[in-house]
Amino acid sequence: MTSLKFPKHFIWGTATSAYQIEGAPNVNGKGVSIWDTFSHKPGRVANNENGDVAVDHYHRYKDDVKLIADLGIRTYRFSLAWTRILPDGTGKVNSKGLAFYDRLVDELLKYNIEPYACLFHWDLPQPLQDKGGWPNRDTAYAFADYARIVSDHFTDRVKVIFTHNEPWNAAIMGYVTGQYAPGIKNPIAGIKALHHLLLSHGLAAEAIRASAKQSIKIGITLNLSPMYPASKDEKDIAAARRFDIGNRATLDPLLKGTTPLQELAIGKVLTSSLIKAGDLEKIRNLDILGINYYLRMVIKHDSKIPIFNASQVFPHDSEYSTMWEIYPEGMYELLMRIWKDYLSPHSASSPNRGGTKGDGQRPELMVTENGVPVPDGLDFDGRVRDERRIRYLQDHIAQVHRAIQDGVPVKGYFHWSLMDNFEWALGYGPRFGLVYVDYKTLKRTVKDSGRWFANVIRQNGLKF
Ligand code: FCB
């Protein structure tokens, strides 16, 4: 039997996001977000589903917090809907929106669950999209104002604020491939969106530090995928390196104060006008680097694909979920790479401007999302036997442990997600939860994986 113990004070958590769980899109003064708009356009989401009800967390938050507590989870990462707090994105604050998150935060604290509040998980206010959205630099300043309002109101109780969830995905899926809201297909808009998302992180970090009521940690969550060449052919190796710009486009600005965008022909044209003096310096302001790991990418040279001249291949001998290849070693390799290239004292990057006192400490590293979609269902006795998720989690958590053993100070691991929810363009098909949700009755049932994860937390480790 293998027994893996995690360091004392290792943070075990779970994550959700506002649009994916809350529902209640028109309740108590909430404004319209780009996901409200997008999901109502025919053909954008599988089966034309939308988040109008989602899992009705807005009304059932007390039950959901009790579930978190019952599972023994002591840290909860959730997002605030910008449009509940500022229905138009800027201007008038909606006190009823703040009041909802007051109730949520207070309920979490009642059970000693530490809130990790994320300001933006893709639900941009529609009025800001109407003025150009993230490709418009003004949106970054609007975001900083929103961050200040949240900081003013919540930092008496909330000590960890994440600015963004996966800015690369928000920019690329939202503005280049158009698979996510606002559904735009324009590479130039995508590059602009990415820069302004990152800039808004820096501006928000400044605003939060200036207004926080106590010492606060500021984080960001990135979706990163280790890249592998499809063969030993030099062309494939070069193609994988080019695709790695997808990782470096967020890591380099946040941790080194540089950008790799000039390496792309299209980026060179843009960056001189897009990145203004001082921007990169502002972006490098961080206490917690959160990484979301779901997949690796195997890349081959492909001249048919514009900009990157590279495309993804899917190894035939791998295991797959309904969405991605399953590759647990990628977790280890990613954590090692980030540590070596960006965070260790020997890495090329200089200390960050962040640190709770602005004292130049290097950011902490944690896994803020990892999980797998499994076609779960209730068995005859009402149990959900999601063995495949348990195996997935065991394999991935073991790789986090391996990285810690090899010297990477990983501080925490958050499972995506607390409960089944609205999976963006795929609607309610993929189920990621530790808790099963019957979408007709909205009844919650803890899955076998939920009990398994509770046990991992209790033991602060794994036995298998
Ligand atoms: C991540 C998102 C999260 C969820 C998981 C499956 O990219 O941050 O909202 O959809 O994927």
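Note that ligands are numbered from 1 as they come in the structure, with each ligand's atoms numbered from 1 the same way. Predicted, not measured: the structure shown is a model, and the values here were computed from it.
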Q: Using the six-membered ring of Phe414, assess whether NZ or CZ of Arg77 lies under 6.0 Å from its centre and within 45 degrees of the ring axis.
A: no
(Q) I'd like to know whether the aromatic ring centres of Tyr76 and Tyr116 sit less than 6.0 Å apart in this structure. (A) no
Q.
If we ignore hydrogens and angles and just use 3.5 Å, is the side chain of Tyr392 paired with the main-chain N or O of Gly371 as donor and acceptor?
A. yes
Q | Protein contact to atom 2 (C) of ligand 1 [nearest heavy atom, distance to 0.1 Å] | A | Glu369 OE1, 3.4 Å
Q | Polar contact flag for Glu423 and ligand 1 (N/O pairs, less than 3.5 Å) | A | yes
Q: Can you sort out which atoms of ligand 1 are near His121, meaning under 4.0 Å from one of its heavy atoms?
A: 2 (C), 3 (C), 8 (O), 9 (O)
Q: Please verify whether a non-hydrogen atom of Asn165 lies at under 4.0 Å from ligand 1.
A: yes
Q: Could you check which of Tyr180, Phe432, Tyr294, Trp424 puts a non-hydrogen atom nearest to atom 5 (C) of ligand 1?
A: Tyr294
Q. For the side chain of Tyr101 and the backbone of Ala81, is there at least one donor-acceptor N/O pair under 3.5 Å apart?
A. yes
Q | Within-cut-off N or O pair, Ser17 and ligand 1, under 3.5 Å | A | no
Q) Near Lys192 NZ, under 6.0 Å, is it more than 12 heavy atoms from other residues, nucleotides or ligands? A) no
Q) With a distance cut-off below 6.0 Å to the six-membered ring centre and an angular limit of 45° from the axis, does Lys66 pair with Tyr111 as a cation-pi contact? A) no
Q. Judging by distance only, is a nitrogen or oxygen of Glu166 under 3.5 angstrom from one on ligand 1?
A. yes
